[in-house]
Structures are given as structure tokens and as C-alpha cells.
Amino acid sequence: MNFRPQNRYLLVQTQAQQDAENTGVLLPEGYSLPKDKYVMATILDSAEDCKREAVYGGALYKEGSKVVVDSSMIEAVSVSGETYEIVLENYVVGFMQDNE
């Protein structure tokens, strides 16, 4: 079975944040380093009602596109033993493009 996002959701895969190197500084037990507010994600699929404009060649959120999203708005959906990451399209704050 494949997960298909609906209602303006995007199916994404976030990039794993790199852990800070072991600096030798002792931290209190249970302390975790603050996470970045924004993360880069790869678009895997988009709902049919997401923005589609002629300016973007039809689909704004194309499969494989790299986007920057608000990390606190990414939702994890677990269904039938699989976990999917989804985010509403309005939490995308930008696209990542290669320098040409």
C-alpha cells in the first residue's frame, strides 16, 4: 500500500540533522541540544489540491524538490507499521535550488 496525502498536505522525507560532535563537555542528564526551527525536506508526493500554477509548469511541489519547512509542523503518521512525515503546504517557507 502507498500513502497518498490529501487536504493540502505534502508527503516529505526530512534530512537527518547532524549530531554535535562529542566536545567533552558534560551536560545534565536528560538534556538535549535545541533543534533547528527549520529543516530541509524532500517532496515525495503532494495532495491534488496543493497549489498548481502555470508559472511553475503545472505543479508547484514536484517530486524530488528540496524545500525548507518549519520543523515543529511536521507530523508523523503511523499506519500499518509504516511511518510517514507530512506537512501542510503553507508551512513550506522556501525551495532549495542548485546554484547555476
Side-chain angles (χ1 to χ4, degrees):
M1 277 192 192
N2 291 328
F3 181 87
R4 290 278 309 174
Q6 301 293 313
N7 297 321
R8 297 180 45 236
Y9 273 94
L10 303 169
L11 178 61
V12 298
Q13 180 178 23
T14 56
Q15 304 296 318
Q17 291 186 7
Q18 296 179 359
D19 294 331
E21 293 180 22
N22 186 357
T23 60
V25 176
L26 295 176
L27 298 173
E29 197 172 304
Y31 177 82
S32 62
L33 294 172
K35 295 188 178 185
D36 293 335
K37 173 142 174 77
Y38 299 99
V39 295
M40 187 165 50
T42 303
I43 302 289
L44 301 177
D45 199 1
S46 63
E48 289 296 322
D49 56 353
C50 286
K51 289 183 181 174
R52 299 184 186 286
E53 300 178 22
V55 173
Y56 303 110
L60 177 58
Y61 302 106
K62 294 183 179 181
E63 184 178 334
S65 296
K66 303 277 189 210
V67 293
V68 177
V69 298
D70 184 335
S71 62
S72 65
M73 295 297 141
I74 297 173
E75 301 176 46
V77 176
S78 295
V79 179
S80 300
E82 295 285 332
T83 301
Y84 306 95
E85 294 177 303
I86 60 171
V87 65
L88 276 171
E89 69 175 326
N90 58 312
Y91 292 114
V92 173
V93 297
F95 284 91
M96 299 299 291
Q97 296 178 339
D98 292 328
N99 292 338
E100 295 180 17

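- Here the closest heavy-atom approach between residue Arg8 and residue Asn90 is recorded as NH2-OD1, 3.7 Å.
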May I have the step-by-step check of side-chain contact (heavy atoms from CB on, under 4.5 Å) for Leu10 and Cys50, ending in yes or no? CA-CA 8 Å; Leu10 303 169; Cys50 286; 3.8 Å; yes

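- Of the inter-residue distances, the one linking Lys62 atom NZ with Ser46 atom OG reads 11.0 Å to the nearest 0.5 angstrom.
- Phe95 is listed as a side-chain neighbour of Tyr61, based on a closest heavy-atom distance under 4.5 Å.
- The backbone N or O of Lys66 sits nowhere less than 3.5 Å from a side-chain atom of Thr42 that would complete a donor-acceptor pair.
- With respect to Val93, the side-chain contact (heavy atoms from CB on, under 4.5 Å) criterion is satisfied by exactly one of Val68, Val69, Val67: Val68.
- Here Glu85 pairs with Thr14 under the side-chain hydrogen bond (donor to acceptor under 3.5 Å, both in side chains) rule; sequence neighbours left out.
- Counting all heavy atoms, side chain and backbone alike, Met40 lies closest to Met96 at SD-CG, 3.5 Å.
- Take Arg4 and apply the salt bridge (Lys or Arg N to Asp or Glu O under 4.0 Å) test, not counting sequence neighbours, and it matches Asp45, Glu48.
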Donor-acceptor contacts, no H, no angles, side chain residues 72-82, under 3.5 Å, sequence neighbours left out:
| unit_1 | atom_1 | unit_2 | atom_2 | d |
| --- | --- | --- | --- | --- |
| Ser72 | OG | Asp70 | OD1 | 2.8 |
| Glu75 | OE2 | Tyr9 | OH | 3.0 |
| Ser78 | OG | Thr83 | OG1 | 3.2 |

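- Distance CG/Leu11 to CD/Gln13: 9.0 Å, rounded to 0.5 Å.
- For the pair Ile43/Val12, a side-chain contact is recorded, criterion being any heavy-atom separation below 4.5 Å from C-beta on.
- Phe3 meets the ring pair (Phe, Tyr, Trp, His ring centres under 6.0 Å) test with Tyr84; sequence neighbours excluded.
- The distance from the CG atom of Asn7 to the CD atom of Glu89 is 11.0 Å, given to the nearest 0.5 Å.
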